[in-house]
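Note sheet for the following structure.
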Amino acid sequence: MSASLEVRDLHAGYGHVGVLEGVSLELPEGGLVALVGSNGTGKSTLLRALSGLLRPSSGSIAFDGASLVGANPAAIVAQGLLHVAEGRRLFRAQSVRDNLELGLWATRLAKGEAAARFERVFTLFPVLQERQRVRAGILSGGQQQMLAIAQALMHKPRLLMLDEPSLGLAPAVIDQVFDAIVQLRAEGTTILLVEQMVERALQIADTAYVLQNGRVIGHGPAHELRNGDLIRQAYLGASASRKVASHPIDTERNPS
Ligand SMILES: Nc1ncnc2c1ncn2[C@@H]1O[C@H](COP(=O)(O)OP(=O)(O)OP(=O)(O)O)[C@@H](O)[C@H]1O
Ligand SMILES: [Mg+2]
């Protein structure tokens, strides 16, 4: 059900501007890996390269051993690698249910299978079942984030990449989103989590990678990184940053 991912020496950018300068990372099957780093270091760029939205200039990406370099985004989704982008891209004028269904338009599913996927998503996020007839645009921020994750889940991901799922959400809703991530992982989905709430991400991840200026400056067991200096260096080493300023990593509330 889950899948592994191995990225080697990946370079990617926009036009002539290089962003990723040789990124390597490994996600074991069923693992939960956090990717952290200050603003503009290339976290979202990495996810875009992995999901085929951006073509790497060099390097390799192996998803369960098969190369993804050059594959188009739809083919990558079909293989079970799903990307929940930063900023919740939803069809705001469509209902919650239509948003979930629209994600499946290109996929031929047996009727029973579609129903089973709805049921799974509604079990994880009951509020989406309650609000399934409501337009996505009037959902709260937290509900929109749940819907964005749910859209990806409709594709039965073997590996799920989440880009800053907590961004802009109230603390109680952040708890729900993190609970859902833990639940998905427990069900066997491999997860790559990009998060600005570093402390929270490290609490649930097995392994973490720290990205700075398009390079991995360190990685290791998440609990070790929590207690080390590397992360602090990565954030303090960066220039003044909007998110770090608004979410200092050492003043975050411990949820337990
Ligand atoms: N579409 C684009 N065209 C040109 N440059 C871009 C584009 N998207 C991002 N960049 C640049 O690439 C660099 C990396 O951006 P990216 O969005 O990957 O960073 P990030 O680590 O996700 O940051 P954040 O924490 O703010 O989300 C930045 O310098 C950014 O300005
Ligand atoms: Mg980003």
Side-chain angles (χ1 to χ4, degrees), residues 3 5 7 10 12-14 19-20 23 25 27 32-56 61 63 68 71-94 96 98-107 121 124-125 128 136-137 139-169 173-174 176-178 180-181 184-185 189-198 200-201 205 209 211 214 242-243 247:
L5 185 74
V7 178
L10 200 72
Y14 304 94
V19 174
L20 304 180
V23 170
L25 59 84
L27 271 84
L32 200 175
V33 173
L35 175 67
V36 300
S38 62
N39 293 141
T41 53
K43 304 178 299 294
S44 299
T45 299
L46 176 62
L47 299 199
R48 283 182 210 124
L50 298 179
S51 56
L53 298 171
L54 190 66
R55 197 185 169 104
I61 304 167
F63 183 53
L68 290 186
N72 70 49
I76 291 173
V77 166
Q79 289 187 55
L81 176 53
L82 271 290
H83 175 189
V84 181
E86 202 174 359
R88 304 154 205 154
R89 304 217 185 99
L90 300 169
F91 303 103
R92 298 177 62 84
Q94 310 295 323
V96 166
D98 286 348
N99 267 271
L100 295 173
E101 231 152 33
L102 282 165
L104 293 178
W105 67 272
T107 319
V121 156
L124 190 65
F125 299 121
L128 297 182
L139 296 177
S140 69
Q143 291 164 356
Q144 289 189 14
Q145 184 60 63
M146 291 173 200
L147 180 55
I149 297 172
Q151 265 184 334
L153 297 181
M154 293 300 281
H155 293 272
K156 239 184 166 178
R158 296 191 297 142
L159 193 155
L160 186 62
M161 304 190 292
L162 300 165
D163 199 348
E164 312 228 3
S166 77
L167 194 62
L169 304 185
V173 186
I174 293 175
Q176 287 178 40
V177 170
F178 272 79
I181 295 168
L184 289 169
R185 184 273 171 78
T189 312
T190 309
I191 295 175
L192 178 56
L193 173 64
V194 171
E195 249 303 326
Q196 29 97 31
M197 297 196 95
V198 175
R200 279 307 281 275
Y209 284 77
L211 200 65
R242 162 181 57 89
K243 281 180 200 160
H247 298 274

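What's counted below: heavy atoms across the whole structure, side chains too, no hydrogens, waters or symmetry copies.
- Between Pro56 and Ala12 the shortest heavy-atom distance is CA-CB, 3.9 Å.
- A side-chain contact (heavy atoms from CB on, under 4.5 Å) with Pro165 holds for exactly one of Glu86, Gln145, Arg88; it is Gln145.
- Inter-residue side-chain proximity for Tyr14 and Thr45 is flagged as met; some heavy-atom pair is nearer than 4.5 Å.
- Under the 4.5 Å side-chain criterion, counting only non-hydrogen atoms from C-beta, Gln151 is in contact with Phe91.
- For the atom pair CG (Leu82) and CE (Met154), the distance works out to 11.5 Å, reported to the nearest 0.5 Å.
- Closest of all the heavy-atom pairs between Ser166 and Phe178 is CB-CE1, 4.1 Å.
- Checked by atom type and distance alone, the side chain of Lys43 never pairs as donor or acceptor with a backbone atom of Leu211 at under 3.5 Å.
- Proximity of Met161 to Leu35: side-chain heavy atoms (C-beta onward) are nowhere separated by under 4.5 Å.
- Thr189 contributes atom OG1, which lies 11.5 Å from atom CD1 of Ile181 (distance to the nearest 0.5 angstrom).
- To the nearest 0.5 Å, the span separating CZ on Arg200 from CD on Glu195 amounts to 9.0 Å.
- From Leu159, atom CG reaches atom CG of Leu5 across 5.5 Å, with rounding to the nearest 0.5 Å.
- Side-chain contact between His83 and Leu53 is present, with at least one heavy-atom pair separated by less than 4.5 Å.
- Each of Leu68, Leu50, Leu20, Leu192 was evaluated against Val7; a single residue qualifies, Leu50, per the side-chain contact (heavy atoms from CB on, under 4.5 Å) test.
- Summarising the geometry of Val23 relative to Gly214, their closest heavy-atom pair is CG2-O, 3.4 Å, with the distance given to 0.1 Å.
- Summarising the geometry, atom CG belonging to Leu169 is positioned 9.5 Å from atom CE belonging to Met197; distances are rounded to the nearest 0.5 Å.
- Proximity of Leu139 to Leu147: side-chain heavy atoms (C-beta onward) are separated by under 4.5 Å at one or more points.
- For Gln79 (side chain) and Leu81 (main-chain N/O), no donor-acceptor pair under 3.5 Å exists by modelled atom type.
- Note that CD of Gln143 and CG of Leu90 are 11.5 Å apart. Values are rounded to the nearest 0.5 Å.
- Pairing each heavy atom of Gly52 with each of Pro73, the nearest pair is O-CG, 3.4 Å.
- Looking at Leu160 and Leu153, their side chains come closer than 4.5 Å, going by heavy atoms from C-beta outward.
- For Ala150 against Leu128, the heavy-atom pair with the smallest separation is CB-CD1, 3.6 Å.
- Residues Leu124 and Leu184 come closest through the heavy atom pair CD2-CD2, 3.8 Å.
- Ile149 places a side-chain heavy atom less than 4.5 Å from the side chain of Phe125.
- Contact annotation: the side chain of Leu25 never approaches that of Leu10 to less than 4.5 Å [non-hydrogen atoms, C-beta and beyond].
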